[in-house]
Amino acid sequence: MAEELSFPTSIGTSDADRITLLGQDLAADLMGKVGFGELAFWLVAGRRPTAGETRVFETVLVALADHGFTPTAIAARLTYASAPEALQGALAAGLLGGGSRFLGVTEDCAVFLHETLASVEGDPEDWDALAADAVTARRAAGKLVPGLGHPVHKVQDPRTPVLIRIAEEEGLRGPHLRLFEAIGRVHPAILGRTLPLNGAGVCGAALADLGLPVEMLRGFALLARAAGLLGHLAEERRTGLGLEIYRTVDRNARYVTPTD
């Protein structure tokens, strides 16, 4: 007798009359009763977030939704200008650009903080000392400290203090945020310059303090940025700016003769 195939999942299923999501009746228990941010958290964490967790989580999503004409936004606009019939392609083009310089810092910072905290037992007695050791080790290895510095906000990223305050208000300013704040205090003496704690980094610290898996955090940054990119594409339909960006580059391109 052939072995019966089985593909277990706890996410969702459906039959002719009912859709089940996370063990709930989608139509009766979730629609109109659960916000999208709350649902996104629930889908990944496997548990329904508290009201405070939802507030912090949705604050992160808002913080990461858009940051102007970043390479991801430009890529989405140019792709849409080239193929306006493929909205999904334009959206995907923008999301594919999420990496170590844009958006990916959210996960990179969380992983760095998480690994640093894993090196000690319990809460550190001296947050600044732990932060100093971590920054010194990164510098010695020739690596940047994730979450430090920003191409636009040179003194302070306006998102950082707001997210820390909201996490504190909700009792969710945990060890990752505390370590991140300590890095902000100690790094000038080690690196010889003062850099702001950037928004992507503080978002990673906050998400890690919510107990979300650090290896999944880039996904939340992409989830947030998808909304911003959709806004760019809606504006692109109205303005056609992508074509002007293309023409500007094309008009100013300079051919250089190849050399051996």
Side-chain angles (χ1 to χ4, degrees), residues 35-37 39-41 43-44 56-111 144-163 166 195-207 212 214-254:
F36 181 69
L39 181 62
F41 184 110
L43 282 163
V44 175
V56 171
F57 181 72
E58 292 189 342
T59 298
V60 168
L61 296 182
V62 171
L64 296 176
D66 181 65
H67 213 289
F69 278 110
T70 59
T72 59
I74 294 171
R77 283 180 178 258
L78 289 175
T79 302
Y80 188 76
S82 179
E85 73 283 357
L87 179 69
Q88 71 278 13
L91 189 59
L95 295 177
L96 288 171
S100 59
R101 293 185 177 178
F102 292 89
L103 292 176
V105 177
T106 297
E107 180 178 306
D108 296 343
C109 183
V111 170
L144 297 176
V145 178
L148 280 183
H150 194 279
V152 177
H153 310 299
K154 300 300 185 180
V155 177
Q156 182 183 67
D157 189 316
R159 298 169 294 182
T160 298
V162 174
L163 185 48
I166 290 174
L195 298 168
L197 297 175
N198 63 50
V202 76
C203 285
L207 291 173
L212 295 165
V214 294
E215 300 84 0
M216 297 290 293
L217 299 191
R218 187 171 300 188
F220 291 121
L222 295 172
L223 176 67
R225 189 53 57 91
L229 292 174
L230 198 57
H232 275 278
L233 295 174
E235 184 177 75
E236 185 62 31
R237 289 186 69 244
R238 298 190 297 270
T239 66
L241 191 60
L243 287 174
E244 184 57 34
I245 293 172
Y246 149 67
R247 294 188 186 104
T248 300
V249 175
D250 185 59
R251 286 194 299 264
N252 291 280
R254 183 172 63 88

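Here the structure is a predicted model, which means the values were calculated and not measured. Basis for what follows: all heavy atoms, side chains included, without hydrogens, waters or symmetry-related copies.
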> Say you draw a straight line from CG of Asp250 to CG of Leu243; how long is it, rounded to the nearest 0.5 Å?
Replying inline: 11.5 Å
>> For residues 219-244, which residue pairs pass the ring-ring contact (aromatic ring centres under 6.0 Å, His included) check, not counting sequence neighbours?
In response: Phe57-Phe220, Phe69-His232
> Hey, what do you get for CG (Leu148) to SG (Cys109), rounding to the nearest 0.5 Å?
Replying inline: 8.0 Å
>> Tell me whether the count of non-hydrogen atoms from other residues, nucleotides or ligands lying under 6.0 Å of CZ in Arg237 goes above 12.
In response: no
>> I need the single residue from Leu207, Asp108, Val111 that forms a side-chain contact (heavy atoms from CB on, under 4.5 Å) with Val214. Which is it?
In response: Val111
> What residues form a side chain to side chain donor-acceptor pair (under 3.5 Å) with Arg159, not counting sequence neighbours?
Replying inline: Asp157
> Taking atom CD of Glu236 and atom CG of Leu233, what is their separation to the nearest 0.5 Å?
Replying inline: 7.5 Å
> Taking C-beta and beyond as the side chain, do Leu229 and Leu95 meet within less than 4.5 Å on heavy atoms?
Replying inline: yes
> So His67 and His153, would you call those rings parallel, tilted or perpendicular, with 30° and 60° as cut-offs?
Replying inline: perpendicular
> Side-chain contact, heavy-atom cut-off 4.5 Å: Leu64 with Thr106?
Replying inline: yes
>> Any non-hydrogen side-chain atom of Thr59 less than 4.5 Å from a side-chain atom of Leu163?
In response: yes
> Which atom names give the shortest non-hydrogen contact between Ala206 and Val60, and what distance separates them?
Replying inline: CB-CG2, 4.3 Å
> Which pair of heavy atoms, one from Pro158 and one from Pro161, lies closest together, and at what distance?
Replying inline: O-CD, 3.7 Å
> Should we count CG of Leu144 as having more than 12 external heavy atoms under 6.0 Å?
Replying inline: no
> Nearest 0.5 Å, what's the CG-OG1 distance between Leu96 and Thr79?
Replying inline: 9.0 Å
> Counting only N and O atoms by type, is there a donor-acceptor contact under 3.5 Å from the side chain of Thr160 to the main-chain atoms of Leu197?
Replying inline: yes
> Are the charged groups of Arg77 and Glu244 less than 4.0 angstrom apart, N to O?
Replying inline: no
> What are the two closest heavy atoms between Ala110 and Leu217, and how far apart are they?
Replying inline: CB-CD1, 3.3 Å
> Are Val155 and Pro196 side-chain neighbours, meaning at least one heavy-atom pair lies under 4.5 Å?
Replying inline: no
> How close do Asn198 and Val105 get, heavy atom to heavy atom, and via which atoms?
Replying inline: OD1-CG1, 4.0 Å
Distance-only donor-acceptor pairs under 3.5 Å for side chains of residues 86-94, two or more places apart:
none

>> Testing the basics here: between Val202 and Gly199, what is the closest heavy-atom pair and its distance to 0.1 Å?
In response: CG1-O, 3.2 Å
>> Show the nearest heavy-atom pair for residues Tyr246 and Leu78, with the distance to one decimal.
In response: N-CD2, 4.0 Å
